[in-house]
Amino acid sequence: MRYFLAKGVLTVPTTKKLLLVDGNSVAFRAFFAMHSALESFINHDGLHTNAIYAFKTMLDNILKQTEPTNVLVAFDAGKTTFRTKKFDDYKGTRAKMPGELAEQLPFLHKLLDAYGIKWYELKDYEADDIIGTMAKEGAAAGMDVTVLSGDRDLTQLASDRVTVQVTVKGVTQLEAYTPAHFQEKLGIAPKQLIDVKALMGDNSDNYPGVTKVGEKTALKLVQEYGSVEDLYAHVDEMKKSKLKENLINDKDMAFLSKDLATIRTSAPITVKLADTDYAGPDVEALTALYQELDFNSFLKDLAPQEEEVAVKKELPVISLSAENLDLALKNTDPQAFMIEMLGDNYHTEPVIAVGLGTPAQWYVTTDHTILQNPALQAWLADNQRIKYVFDAKRNYVAAHRFGATIKGIDFDMLLVSYLLNTVDNSNDLGAVAKMHGYQGVEPDATVYGTGAKRQVPTDSALFIQHIAHKLAAIYQLQPQLIQDLKDHEQMPLYTDIELPLAIVLADMEIAGVKVEPDTLKKMGASLKERLQDLENRIYTEAGHEFNINSPKQLGVVLFDEMKLTPIKKTKTGYSTSVSVLEKLQDESPIIQMILSYRQLAKIQSTYVEGLLGQIHPDGKIHTRYVQTLTQTGRLSSQDPNLQNIPMHQDEGKQIRKAFVPSYPGWQIFDSDYSQVELRVLAHVSGDENMREAFRENRDIHANTAMKIFHLSDPSQVTDNMRRQAKATNFGIVYGISDYGLSQNIGISRIQAKAFIDAYFEQYPKVKEWTEQIVQTAREKGYVETIMHRRRYLPDINAKNRNLRLFAERTAMNTPIQGSAADIIKVAMINMAKVLRERKLQATMLLQVHDELIFEAPAEEIPILEKLVPSIMDSAVKLAVPLKVDSSYGNTWYDVK
DNA sequence: ACTCTCACG
DNA sequence: ACGTACGTGAGAGTT
């Protein structure tokens, strides 16, 4: 008996739950779900393991879903059963089980033993009959019964007490058959499936039923007459037809077929309900089995706290040189490849090693000039020579510094890992490998050190082995991670979007954007004077000098010395943020001075001085777009961040004047999506009111204002109403709360609540969608974008209310923000392609979430004005049109 | 290394 | 009764 701890009290579960698994059919499904990976899943003894791997995943899935107290897995005992005695040809056409699967069955039994799960087979009976009999016993004992099978025949067992889960596709997707589901789908009760099969027969089990009767006719007859017996009781009353003739002729076969189709519920089984008690796995036995099967990722799940269990093997490495390049590159198999640098910034970091190879032989050199070798460059540029890497963009940009172009990358371990799970993807290969159960790589920090002590290891043998181990990890994890992508239905996202995008981004980073230092320096000089002046006036007002940049010191001055009203506290003291200072405006003239000082100091330090320090010798800034960081699928930009250059206030916006084209006579060209997130919401929610607004090209915020303020004419919408409606639209996208909205637009919570209620009344499908997406997140544990980008939300069922509510808001926001990210990524790939095909000089430079920025010769501007919007608005087909606005000018500032 | 603040979509 | 908008990066001060 297992006990569940609830609110500190021991309670006995009220209902026992019995899980019955059709071992053979699930094994078949498992085998074919991962058939494409058959040759990648072979253990060190040459045993195929794909079916064991998938079976284990399916089993975990159903165990997690049903949390059973009792489990039984039933297998077929042999070829002959009581059914073959009744009908010689029963299953007569069934192909023999593939050898690659048959060899895995004994290990499935071992797996179940290690799981502590009873498995059972019975001579002369099929697994179906064992399950039918146990299901009946379990239901009679008051248990909730779940049956898992890959075979729809089992669904005849469905009842109030028995749910039948049938595998649909892939490894984890199931369809639940309940009596209600049956009625809805087929218009009959579960038991009547037997009658349907009696009439239509079963091709795979090879019994014929009645001549010329297929599924449609059989269903119609059963719906009309109820059963085979009742049908034949009234067959004489049927009007003369070929059907009637066939029914009469094949009566014996119909009854025999019914008998064959009927799953026995009183087979002479020797297993008892008590034998099926399930108490969880035997970790020791499982560990041994996983080791035998080379299931590294599952091993890691078993003992996550165990450190350094893997033996660091000595790998076969040859020092790569111009002399043995031929040998290294002769191998036409896919090869792992890497260019190693110590730091993050691959635009500038020195290359400390280059490596490539396969598990049979690794080649590593610490001499970066190998990248200039013509033979290596030819291999790198050959699309047909497949490369496996960790961070395609990093390697591509680094190679480019040596005049090399990399083509033919088809596995990027970092990118794939990020798509599988956005959480915790670091730049450290060892850490990522470990996440996926591969223990053989040290973290870079261990080998190279951290901070100021980071350096190339003095022990060069150790260094070379580290590179080889990294290459080996990339190579070894490739089949597993690609299979995981397939299971997630993420291959198109990977091959059509993220992988080509990595190269598009690399080219943008390499192109860089020209920034005029003189413009920034002039701004800096003027800012310096104004800051000096403000500083002096603030000191005068405060009565003494202090560090205005220190929130702590500022708090003391404002709230202790000057006795202004503290509005909000932070963990460490008084809050001095803008929202607080704005509320204090009337209490002292020092507030306005501080607000101005803050604003100018930010511009000075982050943008003037910050950007000046980032200009390369070529006069350009080369940011890095991080493709594997955000939890929604957006990009981020680092060193420097070019996605947060000031825009909203003119003081800061002046910074944009320093961003100029690379050549005289060129222009900056900019296109941005208009309200792309709300259009995505209109698409995914199916809300007709919102869709209509976009189809009619209305001002969406004014449209919302009319709806929530109950106005009849657009002329009645005031600026303030529109502003509040706009905030409400944003609030919906963020996963709204009345408090959040009230804070944002400075109204009462009551008022904010009224807005939200009115909003949902006017856009009813939006409300439905928000509820449905949260429900989906609870059931699946993740949400998805239109392109199957996935975000897991482990807190969606958290006890902690704040964590749970946050996960709920995220569940609403991520599909919207993430789908918008999907869309612009597709547009970027298409844009890069069309610029190349048309041989335009225009160059894509920057992406700012819903906006693309180019530089181009003036004569190409008229082309771009048509081309860019047409590519962007056709990136995907939504239920509403996408709208794109464009403009251009001499500098980024003039683009408005 | 963490906190606070503020820049962007 | 409780604390709350979603997603980022960088600079400065403090620990």
Side-chain angles (χ1 to χ4, degrees), chain A residues 422 450-451 546-555 568-581 594-595 597-611 613-614 623-626 629-649 651-653 655-656 672-678 680-681 727-745 749 752 756 783 791 793 800-818 820-821 824 846-852 892:
Chain A
T422 52
T450 50
F546 66 101
N547 190 340
I548 309 168
N549 287 319
S550 161
K552 193 178 169 191
Q553 294 182 37
L554 182 61
K568 207 167 78 177
K569 300 212 83 176
T570 66
K571 271 187 261 183
T572 52
Y574 303 110
S575 171
T576 65
S577 67
V578 169
S579 69
V580 169
L581 295 183
I594 292 167
L595 284 168
Y597 178 91
R598 281 252 181 91
Q599 195 195 352
L600 299 185
K602 174 86 178 177
I603 298 167
Q604 180 79 311
S605 66
T606 304
Y607 296 106
V608 174
E609 289 164 4
L611 289 177
Q614 296 278 2
T623 187
R624 275 155 36 235
Y625 290 104
V626 187
L629 183 141
T630 71
Q631 301 306 300
T632 57
R634 276 190 175 180
L635 302 174
S636 85
S637 158
Q638 293 178 347
D639 287 330
N641 182 356
L642 292 184
Q643 291 179 321
N644 72 345
I645 303 301
M647 174 69 181
H648 301 309
Q649 281 151 333
E651 292 285 3
K653 194 171 177 181
I655 293 288
R656 295 182 172 224
D672 69 298
Y673 284 113
S674 168
Q675 276 117 24
V676 63
E677 292 191 342
L678 286 172
V680 167
L681 177 60
T728 311
N729 276 327
F730 274 104
I732 297 293
V733 170
Y734 292 154
I736 198 148
S737 76
D738 50 9
Y739 179 85
L741 182 61
S742 74
Q743 286 299 296
N744 193 282
I745 49 181
R749 254 176 95 154
I756 296 166
V783 291
R791 179 176 187 179
L793 299 168
N800 180 322
R801 185 164 174 271
N802 287 336
L803 287 179
R804 193 175 64 245
L805 290 178
F806 183 60
E808 287 175 3
R809 291 196 295 273
T810 313
M812 300 178 218
N813 175 260
T814 296
I816 300 174
Q817 190 183 116
I824 196 166
L846 301 170
Q847 187 252 41
V848 192
H849 309 308
D850 63 358
E851 178 182 15
L852 294 177
W892 197 3

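Lettering follows sequence order; numbering is per chain, from 1.
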Asker: Scan G731(A) against the nucleic acid and name what it touches under 4.0 Å (heavy atoms): base, sugar-phosphate only, or nothing.
Answerer: base
Asker: Without swapping roles, check the side chain of N813(A) against the backbone of V733(A) for a donor-acceptor pair under 3.5 Å.
Answerer: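 Indeed, once roles are kept as given, a pair shorter than 3.5 Å links the two residues.
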Asker: What's the CG-P distance between N802(A) and dA5(C), to the nearest Å?
Answerer: 10 Å
Asker: May I have the distance from Q604(A) (atom CD) to dA12(C) (atom C1'), rounded to whole angstrom?
Answerer: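 Those two atoms, CD and C1', are 14 Å apart.
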Asker: Check every strand shown and say whether S637(A) touches a base, only sugar-phosphate, or nothing at a heavy-atom separation below 4.0 Å.
Answerer: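 Answer is sugar-phosphate: S637(A) comes under 4.0 Å of backbone atoms only.
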Asker: Return the minimal non-hydrogen interatomic distance between Q553(A) and N547(A), and the atom names on each side.
Answerer: OE1-N, 2.9 Å
Asker: How is A727(A) classified with respect to the nucleic acid when contacts are heavy atoms under 4.0 Å: base, sugar-phosphate, or nothing?
Answerer: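 Base: the residue A727(A), judged by heavy atoms under 4.0 Å, touches a nucleobase.
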Asker: CG of L846(A) versus P of dT8(C): gap in Å, rounded?
Answerer: 20 Å
Asker: Check whether the side chain of R801(A) and the base of dT4(C) form a donor-acceptor pair under 3.5 Å.
Answerer: no
Asker: Would you indicate what L629(A) reaches in the nucleic acid, counting non-hydrogen atoms under 4.0 angstrom: base, sugar-phosphate, or nothing?
Answerer: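 Here L629(A) touches the backbone only, sparing every base.
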Asker: Roughly how many Å is it from CG in L635(A) to P in dG9(C), rounded to a whole number?
Answerer: 11 Å
Asker: OP1, OP2 of dC6(C) versus side-chain N and O of T814(A): anything below 4.0 Å?
Answerer: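 Answer is no, no contact under 4.0 Å.
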Asker: Between Q631(A) and L629(A) (side chain of the first, backbone of the second, donor and acceptor by atom type, cut-off under 3.5 Å), is there such a pair?
Answerer: yes
Asker: Kindly say whether, by distance alone, the side chain of R809(A) makes a donor-acceptor pair under 3.5 Å with the base of dG3(C)?
Answerer: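 When only heavy-atom distances are counted, R809(A) does not reach the base of dG3(C) through any donor-acceptor pair under 3.5 Å.
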Asker: What is the separation between atom OH on Y597(A) and atom P on dA12(C), rounded to the nearest whole Å?
Answerer: 10 Å
Asker: Under a 3.5 Å cut-off for both contacts, is dT8(C) paired Watson-Crick or G-U wobble with anything, and if yes, with which nucleotide?
Answerer: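 By the stated definition (distances under 3.5 Å), dA7(B) pairs with dT8(C).
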Asker: Roughly how many Å is it from CD1 in I756(A) to C1' in dA5(C), rounded to a whole number?
Answerer: 10 Å
Asker: Just how far, in rounded Å, is P of dT3(B) from NZ of K568(A)?
Answerer: 16 Å
Asker: How close do W892(A) and L642(A) get, heavy atom to heavy atom, and via which atoms?
Answerer: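 Looking at all heavy atoms of both residues, the closest pair is CH2-O, 3.8 Å.
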Asker: Evaluate the side-chain proximity of R598(A) to T576(A): yes if any heavy-atom separation is below 4.5 Å, no if none is.
Answerer: yes
Asker: I736(A) side chain: which of dG3(C), dA5(C), dG7(C) is closest?
Answerer: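 Out of dG3(C), dA5(C), dG7(C), the nucleotide with an atom closest to I736(A)'s side chain is dA5(C).
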Asker: Respond yes when some side-chain nitrogen or oxygen of T606(A) is under 4.0 Å from OP1 or OP2 of dG11(C), and no when none is.
Answerer: no
Asker: Given 3.5 Å as the limit, does a donor-acceptor pair link the side chain of R656(A) with the main chain of I645(A), or not?
Answerer: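 Present.
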Asker: dG7(C), OP1 or OP2 - any side-chain N/O from R791(A) closer than 4.0 Å?
Answerer: yes
Asker: Base, sugar-phosphate, or nothing: which does F730(A) touch, judged by heavy atoms less than 4.0 Å apart?
Answerer: nothing
Asker: Any non-hydrogen side-chain atom of L852(A) less than 4.5 Å from a side-chain atom of Y673(A)?
Answerer: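 Of all side-chain heavy-atom pairs linking Y673(A) with L852(A), none is under 4.5 Å.
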Asker: Produce a footprint string for nucleotides 4-9 of chain B: one letter per nucleotide, 5' end first; B if the base is under 4.0 Å from any protein heavy atom, S if only the sugar-phosphate is, - if neither.
Answerer: SSBBSB
Asker: Take a 6.0 Å sphere around OH of Y625(A) and say whether it holds more than 12 heavy atoms from other residues, nucleotides or ligands.
Answerer: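 Counting other residues, nucleotides and ligands, OH of Y625(A) exceeds 12 neighbours.
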Asker: Just how far, in rounded Å, is P of dA5(C) from CD1 of I816(A)?
Answerer: 18 Å
Asker: Rounding to an integer number of angstrom, what distance separates dC6(B) and dA1(C) when you compare their P atoms?
Answerer: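 Approximately 33 Å lies between the P atom of dC6(B) and that of dA1(C).
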Asker: Is the phosphate of dG13(C) approached by N547(A) (side-chain N or O, under 4.0 Å from OP1 or OP2)?
Answerer: yes
Asker: Can you name the closest pair of heavy atoms from I816(A) and L681(A) and give their distance?
Answerer: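 Nearest pair, atom of I816(A) first, then L681(A): CD1-CD1, 3.9 Å.
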Asker: Mind checking if D639(A) touches a base, just sugar-phosphate, or nothing, with heavy atoms under 4.0 Å?
Answerer: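 Sugar-phosphate, no base atom in range.
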Asker: With P as the reference atom in both, quote the distance from dT4(C) to dT5(B) in angstrom, rounded to an integer.
Answerer: 14 Å
Asker: For atom P, what is the distance between dA5(C) and dC4(B), given to the nearest Å?
Answerer: 14 Å
Asker: Report yes if a donor N or O on one partner sits less than 3.5 Å from an acceptor N or O on the other, where the partners are the side chain of S737(A) and the base of dT4(C); otherwise report no.
Answerer: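 Pair found.
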Asker: May I ask you to verify if any side-chain N or O of Q638(A) is less than 4.0 angstrom from the OP1 or OP2 atom of dG9(C)?
Answerer: yes
